[in-house]
Amino acid sequence: MDETVSGIAFADTIVIAGFFVVMLGIGFYFSGRMRDLQDYFSGGRRVPWWLSGTSFYMSSFSAFAFVAYSELAYKYGWVSITIFWVTIPGSIISAYFFAARWRRAATTSPLEYIEQRFGAPMRQLLAWLGIPVKVIDDGLKLFAIGSLVSTGLNFPLGYAVFFSGTIMLTYTFLGGLWAVLITDFVQFVVMTVAVIVLIPLAYQAVGGWSNFYDGVPEGFFAWTAPEHGWLSIFFVFILIGLNYSTSWSLVQRYYSVRSDADARKVGYFVAILNVIGPPLLFAPAMAARVFMPGIEDTSQVYGILCKALLPVGMVGMVIAAMFSATMSMLSSDYNAVASVLTNDVYKRFVAPQASQKSLVLVARIATLIVGIISLAVAFVVIASQGESDLFTLMVRLFSIFLPPVAIPMLVGLTMRKVSNMGGIVGLILGMAAGLIAYGLGSIESLEMLRHKEVMTCITVFATIAGLILGTLLRSGSPEQRERIGQFMDRMECPESELQYEEQQAATTTSPLPIIALSVAILGALLAVAVILTSPEEGKAVSLSVAAVMVVIGGLFGSVCLGKKKESFE
């Protein structure tokens, strides 16, 4: 039978529903394994580097990448890949200079080191500034994924936002960081398989490479475009580099692994994935410029491609892949923000002597609160009809906040001479300068102040000036300087072999069985859905993908069995 539900084939609906069920199952699997805050917020610091790196990659972008970058690829060509590739030096710099320091500085919260380095006021200032910004950002991302669900399934927007947000919140609430990491990896497999299938179909539609090359506009393969020159790309690199090195959810991947060396591997692995990923993600949209010219709403190019080219079953897989990108980012943010609420607020002020069992309960409640508030923000955006001005406003506000927050955090990890007062003055002066520039940008003659290039320069230079000025005004008491010295000694002390061996000995959680089972179940579900609900035509591609996913699950399972056999021997 060839039934459809909500405008897509019934097989696609089954695949999407099964995908969400598997994500929830992973959360339930880890729900009883969270013994303390280290388990819940840093995976017990025993996460394999390849798993943490994949999660970092998946958490660093959202469905926005499919929409915005595919639109760039369709309109301008290769420049979309150029812009995405600025993440490569950003991740390499982050790994080389900051990964090991993050692992030495943090255990359960990205802000816990701030008190020793800059004092309690700075720690609280960063916490109370960071939490609302993150929650608002998550609300906007939730609105974006709800819009995707609504468009793909012809589902009411409000219900789509509520449904998607509840799924993400549930598995993060139950399983903590381990659930986030495993779902990220399974989502990565789904996304990769779905994207790889679309590439040959797109180039078959365009008639091969020669037709594609001859059919694109002049300058389509240029590294830049008039609207996106090297200066603009450079400032994107600055913001990406700061984000990769200080984002709560991303640096969490550095301090959750077993050793300093593994922390660096996380960043280098992300760089490799960022080399490979963009051409695969955006090549179909570039091909569409030739065989689908004249698309009016270019932001919908990826969805139009999927509906035109993909066979039954694979449409659901691609929609699930686009869910995955945003779900990964949101679940990571939920866990990271909850870690700050639990460690830097509750444990610091409410119950310093709380037991680990009670702290895990508080961590789950904090996750729930963050998720519910994000849902509320998403519904506020719905009520405002999702006006583009609201999105533009939030993007500009986040560009104001990032440099003043990120620069003191990185300086605190690497420099001894900046004092407590320097950190606070740098943070406040950077934000004040950004807000003033944004306000003046409302004047027509000063509108350029709101451009990201100008705004970034203003906030970066004001923050650095504040760090220097505050340090000159008050270099700190002898006790403060001694505390900073002790902290920096720890940052500069490489991990000993004994510490590494202790971490290896403490490794008890293997992600392989649940990854193997989840991927195999999704592959089997795709096969069953296509066989039972679809006509013979078009089944071959979907069944081939299903077989590949079952094989991938089997490979992970065989590796797991091999490791168990070695341990018994």
Side-chain angles (χ1 to χ4, degrees), residues 18-19 21-35 38-59 171-172 174-193 252-259 261-263 265-266 268-270 272-273 320-321 324 327-328 331-332 335 500-527 545-569:
F19 172 80
V21 169
V22 169
M23 297 302 101
L24 285 175
I26 292 170
F28 279 106
Y29 175 83
F30 285 102
S31 62
R33 292 168 167 79
M34 300 297 102
R35 298 165 298 179
Q38 274 204 18
D39 280 340
Y40 197 82
F41 288 131
S42 60
R45 291 166 68 85
R46 55 183 185 270
V47 176
W49 64 266
W50 54 268
L51 180 61
S52 196
T54 304
S55 180
F56 189 122
Y57 174 73
M58 289 296 294
S59 300
Y171 70 71
T172 309
L174 290 170
L177 185 64
W178 271 113
V180 173
L181 294 167
I182 301 298
T183 53
D184 282 357
F185 194 88
V186 174
Q187 291 164 1
F188 171 76
V189 173
V190 170
M191 184 185 77
T192 302
V193 170
Q252 196 178 30
R253 274 53 181 171
Y254 288 143
Y255 62 76
S256 64
V257 295
R258 302 163 181 165
S259 67
D262 279 0
K265 288 178 185 176
V266 168
Y268 297 143
F269 186 47
V270 172
I272 293 171
L273 292 176
S324 301
M327 287 174 70
S328 172
S331 59
S332 298
N335 188 260
Y500 179 72
E501 289 170 4
E502 287 173 351
Q503 285 292 332
Q504 291 288 77
T507 302
T508 58
T509 302
S510 173
L512 295 175
I514 189 66
I515 288 175
L517 184 62
S518 300
V519 174
I521 286 175
L522 287 174
L525 181 67
L526 173 61
V545 171
V548 168
M549 293 183 68
V550 171
V551 169
I552 291 173
L555 290 174
F556 277 107
S558 63
V559 171
C560 178
L561 290 174
K563 287 183 177 294
K564 284 186 177 179
K565 185 178 179 181
E566 288 178 10
S567 65
F568 281 122
E569 293 175 350

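One finds the CD1 atom of Ile272 at 11.5 Å from the NZ atom of Lys265 (value rounded to the nearest 0.5 Å). For the atom pair OG1 (Thr54) and CZ (Phe185), the distance works out to 5.0 Å, reported to the nearest 0.5 Å. In this structure, CD1 in Ile182 is found 8.5 Å from OH in Tyr29, a value given to the nearest 0.5 Å. Atom OG1 of residue Thr183 and atom CG of residue Leu181 lie 7.5 Å apart, to the nearest 0.5 angstrom. Leu522 CG to Ile552 CD1: the interatomic distance, rounded to the nearest 0.5 Å, is 11.0 Å. Of the inter-residue distances, the one linking Ser55 atom OG with Gln187 atom CD reads 9.0 Å to the nearest 0.5 angstrom.
Counting all heavy atoms, side chain and backbone alike, Ala546 lies closest to Gly523 at CB-O, 3.2 Å. Of all non-hydrogen atoms in Met549 and Val519, the two that sit nearest each other are O-CG1, 3.2 Å. Nearest heavy atom pair, residue Ser52 against residue Val257, reads CB-CG1, 3.7 Å. Taking both residues in full, the closest heavy atoms of Pro511 and Trp178 are given as CB-CZ3, 4.2 Å, listed atom of the first, atom of the second, then distance. Contact between Leu525 and Gly18 at its shortest, heavy atoms only, is CD2-CA, 3.3 Å. Of all non-hydrogen atoms in Phe556 and Ala516, the two that sit nearest each other are CB-CB, 3.7 Å.
Arg45 places a side-chain N or O within donor-acceptor distance of the main-chain N or O of Tyr255, the cut-off being under 3.5 Å. Although no hydrogens or angles enter the test, the distance criterion places a donor-acceptor pair under 3.5 Å between the side chain of Ser518 and the main chain of Ile514. Between the Thr192 side chain and the Phe188 main chain, a donor and an acceptor come within less than 3.5 Å of each other. Checked by atom type and distance alone, the side chain of Ser256 never pairs as donor or acceptor with a backbone atom of Val47 at under 3.5 Å.
Side-chain atoms of Val270 and Arg253, non-hydrogen and from C-beta on, never get closer than 4.5 Å to each other.
Partner of Phe269 under the side-chain contact (heavy atoms from CB on, under 4.5 Å) criterion, chosen from Tyr57, Trp49, Phe56: Trp49.
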